[in-house]
Amino acid sequence: MLSLQLIRDKKDFVAERLSVKNFDATGLLNEIIDLDKIRRNTQSELDNVLAEANRISKSIGQLYKSGEADKAEAAKSRSVELKEQSKLLSAKLTETATLLNKKIVELPNIPHESVPRGNSDQDNETVFEEGKLPNLPDDALPHWELAAKYKIIDFDLGSKVTGAGFPFYRGQGARLQRALINFFLDEAIAAGYLEYQPPLLINEDSGFGTGQLPDKEGQMYFVNEDNLYLIPTAEVPITNIYRDVILKESDFPIKNVAYSNCFRREAGSYGKDVRGLNRLHQFDKVEIVQIEHPDNSYDTLETMKEHVANLLRKLELPFRILRLCGGDLSFTSALTFDFETYSGAQKRWLEVSSVSNFESYQANRMKLRFKDKNGKTRLAHTLNGSALALPRIVASLLENNQTPQGIKIPKALQRYTGFDMIK
RNA sequence: GGAGAGUUGGCAGAGUGGUCGAAUGCGGUGGUCUUGAAAACCAUUGACCCUUCACGGGGUCCGGGGGUUCGAAUCCCUCACUCUCCGCCA
């Protein structure tokens with residue numbers, strides 16, 4: 001969430017910046033300013049009432065001790081009056097504060113100044129492209145047909161046992177999954193990230209902290225019996241490690257990596273976008289998360305981008321990097337770069353990673369702070385990125401590397417798969 | 001799943017109705033001493049909100065929420081979590 005201070009000081013600036021996300025905030029901002037005024041006035045009134053009540057309560061004890069019971073009784077009745085007042089004021093305060101908070105949370109993060117205006121993925125800016133696009137014969141197969149041909153991924157079996165979007169990986173397919181996970185984890189560890197294995201279910205507070213709740217609960221699976229959500233990404237448990245934490249400046253940089261299954265309901269998706277591995281309800285992902293000093297977060301974002309780019313180079317996949325436009329930027333992000341690999345048989349670019357700086361937006365929601373050199377408590381910055389999401393990587397690998405003899409495994413991966421060809 | 005015990009400041013740990021935001025110890029920070037360091041000694045050491053140009057003043061917080069009372073860390077209810085024993089189990 002945005003800080004109230006920023007909204008108070010620079011309302012017009014906030015409105016202008018949010019318009020880049022095609023978000024008209026003017027009405028909401030005015031409501032927030034008004035509620036804030038009411039809240040502060042109410043707080044002051046309540047404080048005064050409580051201050052008097054405290055004084056009186058203390059005096060009552062004294063009065064009884066010194067035998068002035070009649071005075072004590074008088075003080076008591078005044079105290080009862082004050083209590084009535086404080087009840088009313090405190091109810092008003094809670095109500096106002098709750099509403100205020102609800103409104104602030106409705107504001108998305110303000111985009112970084114480099115974010116281009118735009119409405120959809122059509123307006124994203126390609127900032128980098130590398131690698132040669134594969135030159136496949138006309139009869140090249142899309143990955144779902146390759147998966148069937150080599151019996152390495154079984155979508156129908158998944159439908160039978162669970163439902164659409166929950167495939168089985170089999171034989172060399174299963175081994176390839178395991179290889180990619182280990183490869184990604186090893187690369188991250190070599191780059192200085194600390195490995196975590198997070199819980200796959202999270203509570204409501206965690207969902208709120210990273211911004212999935214309250215608005216996007218429809219995207220998560222919910223376990224009603226225990227009031228827990230299945231994680232849509234390891235970002236949620238890993239970032240929430242630092243919820244309600246005050247770090248020391250010397251704790252930076254915090255670099256964590258986690259492999260996890262990810263669960264997404266993906267309600268409303270259809271068509272070619274969901275064919276095969278393109279969009280699943282359960283998939284595997286290695287996620288990197290960093291907590292940073294505000295001064296360094298954009299340098300860190302560059303470093304994370306470079307890490308992801310190197311993974312794709314080692315996998316010998318052609319890729320490009322997009323700077324997301326305002327309209328395509330997520331609610332919580334200030335700046336996001338998407339990585340896409342080219343999938344030769346489908347002849348389309350597939351998003352395989354998303355690297356974002358959330359600045360203090362998540363940190364403010366989850367009260368993730370640090371003490372700076374002057375002893376002042378400030379909000380930290382959070383960042384994360386996929387490094388990488390498996391399914392579309394597998395799709396690209398299968399399609400681009402298909403040969404009449406089988407599917408070639410990139411060199412960097414062979415020591416993890418134990419084979420150089422799927423046949 | 002059954003029975004019981006617990007949750008206090010960065011940590012350990014006292015406190016069972018009034019002067020307790022909270023003893024004490026450890027840790028942290030600053031200082032004295034020292035060539036330097038250690039030890040010793042002295043001081044200081046939470047978060048949040050309102051108010052003030054500032055100095056300062058006021059308020060809230062002893063797991064979360066609610067209640068009793070003039071007054072709650074202390075009593076009651078409730079939820080969460082932790083621990084112990086029993087049961088079950090990868």
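Proteins come first, then strands; the chains are lettered A, B, ... in the order of their sequence lines, and each starts at number 1.
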Inter-nucleotide [atom1] distance ([N], [M]), Å rounded:
N	M	atom1	value
B:C48	B:C86	P	45 Å
B:A80	B:C70	P	32 Å
B:A14	B:G71	P	30 Å
B:A5	B:U45	P	39 Å
B:G57	B:C77	C1'	37 Å
B:C33	B:U16	C1'	45 Å
B:U44	B:G25	P	14 Å
B:G13	B:A23	C1'	10 Å

Fill in: Donor on one side chain, acceptor on other, A:Asn278 and A:Gln346, under 3.5 Å
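Looking only at side-chain atoms, A:Gln346 and A:Asn278 do form a donor-acceptor pair, the distance falling under 3.5 Å.
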task: Check whether the side chains of A:His143 and A:Glu399 place a donor and an acceptor atom closer than 3.5 Å, and report yes or no.
output: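 Short answer, yes.
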[X] near the nucleic acid: base, sugar-phosphate alone, or nothing, with a heavy-atom cut-off under 4.0 Å?
X	answer
A:Ala51	sugar-phosphate
A:Ser79	sugar-phosphate
A:Leu50	sugar-phosphate

Taking pairing as Watson-Crick or G-U wobble with both contacts under 3.5 Å, can you name the mate of [N], or confirm there isn't one?
N	answer
B:A3	B:U84
B:C11	B:G25
B:C41	B:G31
B:A73	none
B:C61	B:G46
B:A54	none

Which whole-number value in Å describes the distance from [X] [atom1] to [N] [atom2]?
X	N	atom1	atom2	answer
A:Lys87	B:G66	NZ	P	12 Å
A:Lys248	B:G10	NZ	P	12 Å
A:Arg243	B:C81	CZ	P	13 Å
A:Asn227	B:C79	CG	C1'	12 Å
A:Leu89	B:G58	CG	C1'	15 Å
A:Asp205	B:G65	CG	C1'	13 Å
A:Glu52	B:G71	CD	C1'	15 Å
A:Leu93	B:C61	CG	P	13 Å

Task: Name of the residue among A:Ile32, A:Leu29, A:Val105, A:Asn109 meeting side chain to side chain contact (heavy atoms under 4.5 Å, CB included) with A:Leu2 - done: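 Single pass found, and it is A:Asn109.
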Expected string for nucleotides 44-57 of chain B under the B/S/- scheme (protein heavy atoms, under 4.0 Å, primed atoms plus P, OP1, OP2 as sugar-phosphate) is ---SSSSS------
(message) Strictly below 4.0 Å: does A:Asn54 bring a side-chain N or O up to OP1 or OP2 of B:G59?
(response)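 True: A:Asn54 side-chain N/O within range (under 4.0 Å) of B:G59 OP1/OP2.
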For B:G71 and A:Lys83 - does any side-chain N or O of the residue sit under 4.0 Å from the phosphate oxygens OP1/OP2?
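Answer yes for this pair, as a side-chain N or O of A:Lys83 is under 4.0 Å from OP1 or OP2.
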For the residue pair A:Arg264 and A:Phe283, would you count it as a cation-pi contact if the rule is NZ or CZ under 6.0 angstrom from the ring centre and within 45 degrees of the ring axis?
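No, a cation-pi geometry is absent between A:Arg264 and A:Phe283.
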Is the terminal nitrogen or CZ of A:Lys285 (NZ for Lys, CZ for Arg) located under 6.0 angstrom from the six-membered ring centre of A:Tyr259 and within 45° of that ring's axis?
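No, A:Lys285 and A:Tyr259 do not form such a contact.
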Task: Ring centroid separation A:His281 to A:Phe263 under 6.0 Å - done: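 For A:His281 and A:Phe263, the ring centres are not under 6.0 Å apart.
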- Task: Give a yes or no on whether the ring-centroid distance for A:His112 and A:Tyr298 is below 6.0 angstrom.
- Result: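 Yes, ring centres under 6.0 Å apart.
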Check the orientation of A:Tyr193 and A:His307. Use parallel for under 30°, tilted for 30 to 60°, and perpendicular for over 60°.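 The arrangement is tilted - the two ring planes meet at 30° to 60°.
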Heavy-atom count around A:Lys216 NZ within 6.0 Å, excluding the residue itself: above 12?
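Yes.
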Self-check item: Closest-nucleotide 5' rank along RNA chain B - winner of A:Lys58 and A:Arg55
Solution: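 Counting from the 5' end, the first nearest nucleotide belongs to A:Lys58.
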